[in-house]
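Structure record follows, encoded as structure tokens.
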2 protein chains.
Amino acid sequence: MAYRETDRVRARKAEARSRLIAAAFALVTKGGFRNAQVSQVAELAGVATGSVYRHFASKGELFSEVFRIATQKEVDKVSEALATPGSALERLERALRTFAVRALKAPTLAWSLIAEPVDPQVDADRLQYRLAYAELFQRAIEEGTATGELPPQDPRISATALVGTIAEVLVGPLSPGSHAALGASGPSHQHHLVEGIVRFCLQALTGKALNTDNSPQSFAEGASS
Amino acid sequence: MAYRETDRVRARKAEARSRLIAAAFALVTKGGFRNAQVSQVAELAGVATGSVYRHFASKGELFSEVFRIATQKEVDKVSEALATPGSALERLERALRTFAVRALKAPTLAWSLIAEPVDPQVDADRLQYRLAYAELFQRAIEEGTATGELPPQDPRISATALVGTIAEVLVGPLSPGSHAALGASGPSHQHHLVEGIVRFCLQALTGKALNTDNSPQSFAEGASS
DNA sequence: ACATAAAATGAATCGTGATTCACACTTATG
DNA sequence: CATAAGTGTGAATCACGATTCATTTTATGT
């Protein structure tokens, strides 16, 4: 016997592994899964292409992990927002804001997590992601209806609708390459979007009119057809 | 000069061309763009693979056309619903129902049109598709706010949110291969989904509570994890 | 230092599917 | 009928990226 894995090696391997994940994450954040080839990931992580397979059985497995990590981070934030003190409605509003604002800050990533097509393996994870959000919202809605704060409704449908609303408003019109437009649109426009979303969602949930100032901003600014 | 295209030939070509489109459409409807290879399309249309390229410069162009046609059909239906007589709200409700019911009837197609990743060329068309819907809704919402029937709001955001809500509720939880589950869930469940969507959307638009019977149905039936 | 075993490498291989193309077959004109 | 000009064919080619693997490098134990 003349060799056995030692701590130093184990540490280096772990380091390389997380460097790979970080690299993959960075590539997805920048250009979506589509432009994240194994060789690119390897290069960015500073290892050879083949080495990727020392750490992950396949590309799908690597990206599945990237996806799960990114997902976890986002879902945690929303979960946190829902765990703050306050009425169900207040907490839902905070959660919606959190979701929306974070998605606006990293639109390509948000788009990748919510909508971009990838591996079948990753697609399965995406379902989890959407579901995780929906379930968080669902629970809060159930609390709200239980206390009478919210009118009776199917909490699963409402929760799913919240996810859909945010996803569509934020990434739908901005998905392909037009993320640039978003960045260029200025924080004021972004704020307007978030307020619009929140208002729409809260009205849908409560059935009560909100007075929030959502008087049309400069609509003409976007492509109007 | 000894040959010039004549009517008969032109007709045959046109026929083959539309047969190709029909075949591509059928494949997309059944399995999404992912399982619609050029060779499959050719086979289904009863021509050789190479012949496809006598009619379309590339796969992207063929599917782009398929996409546009499918889109047009759907958008026309919604447009029709919005053109019926009645208040803005009534018309919006009809339009939402139309959109939702049609998507439920052909979920794979709906998913392909709304969300499935494909060619960059087709992705561009998808933007058009979503936009077309959003613009239809937007116009109706603008009419509603003009007459005071609807409270002031950013019509573009609301319109986009409507699209997102329907898309997510209908195709989100049902996208990968679970369309089967949808079909198996029975018309009663489908009806429940549509009602839930409509209620959510109308409340969001009007800020007024609706009494529609949306008391939770059998929620336990879906994956509850 | 030497031997051994694991780890890293990256060029070669493989798989998938779109696209091409040399050839055979049809159609229109004189 | 001969000829020009298409059309249709489908096997071969290409492109692109994931995956493999023979070889080299590095690490450990004696």
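The structure presented is a predicted model; accordingly, all values stated were derived computationally and were not measured. Each chain gets a letter, A, B and so on, in the order the sequences are listed, and its residues count up from 1.
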Selected nucleotide, minimal atom distance to [X] side chain, candidates [options]:
{"X": "His55(A)", "options": "dG10(C), dA27(D), dA8(C)", "value": "dA8(C)"}
{"X": "Val38(A)", "options": "dA7(C), dA8(C), dA18(D)", "value": "dA18(D)"}
{"X": "Thr49(B)", "options": "dT19(C), dG10(C), dT19(D)", "value": "dT19(C)"}

Atom [atom1] of [X] and atom [atom2] of [N]: how far apart are they, to the nearest Å?
{"X": "Tyr53(A)", "N": "dA12(C)", "atom1": "OH", "atom2": "P", "answer": "18 Å"}
{"X": "Arg10(B)", "N": "dT7(D)", "atom1": "CZ", "atom2": "C1'", "answer": "15 Å"}
{"X": "Asn35(A)", "N": "dA18(D)", "atom1": "CG", "atom2": "P", "answer": "11 Å"}
{"X": "Lys13(B)", "N": "dT7(D)", "atom1": "NZ", "atom2": "P", "answer": "4 Å"}
{"X": "Glu5(A)", "N": "dA8(C)", "atom1": "CD", "atom2": "C1'", "answer": "15 Å"}
{"X": "Gln37(A)", "N": "dG15(C)", "atom1": "CD", "atom2": "P", "answer": "21 Å"}
{"X": "Leu27(B)", "N": "dA18(C)", "atom1": "CG", "atom2": "P", "answer": "11 Å"}
{"X": "Asp7(B)", "N": "dT29(C)", "atom1": "CG", "atom2": "P", "answer": "11 Å"}

Can you see if the side chain of [X] gets near the phosphate of [N] - specifically, an N or O under 4.0 Å from OP1 or OP2?
{"X": "Arg8(B)", "N": "dA28(C)", "value": "yes"}
{"X": "Ser51(A)", "N": "dT9(C)", "value": "yes"}
{"X": "Arg12(B)", "N": "dG8(D)", "value": "yes"}
{"X": "Lys59(A)", "N": "dT19(D)", "value": "no"}

Between dA28(C) and Arg4(B), counting only base atoms on the nucleotide and side-chain atoms on the residue, is there a donor-acceptor pair under 3.5 Å?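 Flag unset: no donor-acceptor pair detected.
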Do the side-chain N and O atoms of Arg94(A) and Thr98(A) include a donor-acceptor pair separated by under 3.5 angstrom?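 No - no donor-acceptor pair under 3.5 Å links their side chains.
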What I want to check is whether the side chains of Arg68(A) and Ser64(A) have a donor and an acceptor closer together than 3.5 Å.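 A pair is found: one side chain offers a donor N or O, the other an acceptor, under 3.5 Å apart.
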Please say whether more than 12 non-hydrogen atoms of neighbouring residues, nucleotides or ligands are located less than 6.0 Å from CD in Glu5(A).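 Enclosed.
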Non-hydrogen atoms of Thr108(A) and Gly32(A) that approach each other most closely: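 Here Thr108(A) and Gly32(A) meet closest at CG2-N, 3.6 Å.
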What heavy-atom pair brings Ser58(A) and Tyr53(A) nearest, and what distance separates the two atoms?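 Minimum heavy-atom separation between Ser58(A) and Tyr53(A): CA-CE2, 3.9 Å.
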Have a look at Val52(B) and say if it touches a base, only the backbone sugar-phosphate, or nothing, with a 4.0 Å heavy-atom cut-off.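 It contacts nothing in the nucleic acid.
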On DNA chain C, check which nucleotide each of Arg34(B) and Val47(A) is closest to and give me the residue with the more 5' one.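 Checking each residue's closest nucleotide, the 5'-ward one belongs to Val47(A).
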Return whichever of Ala57(B) or Thr6(B) has its heavy-atom-nearest nucleotide of DNA chain C closer to the 5' end.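 Result: Ala57(B).
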Can you work out whether Arg54(B) or Arg54(A) has the more 5'-proximal nearest nucleotide on DNA chain D?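 Going by which nucleotide is closer to the 5' end, it is Arg54(B).
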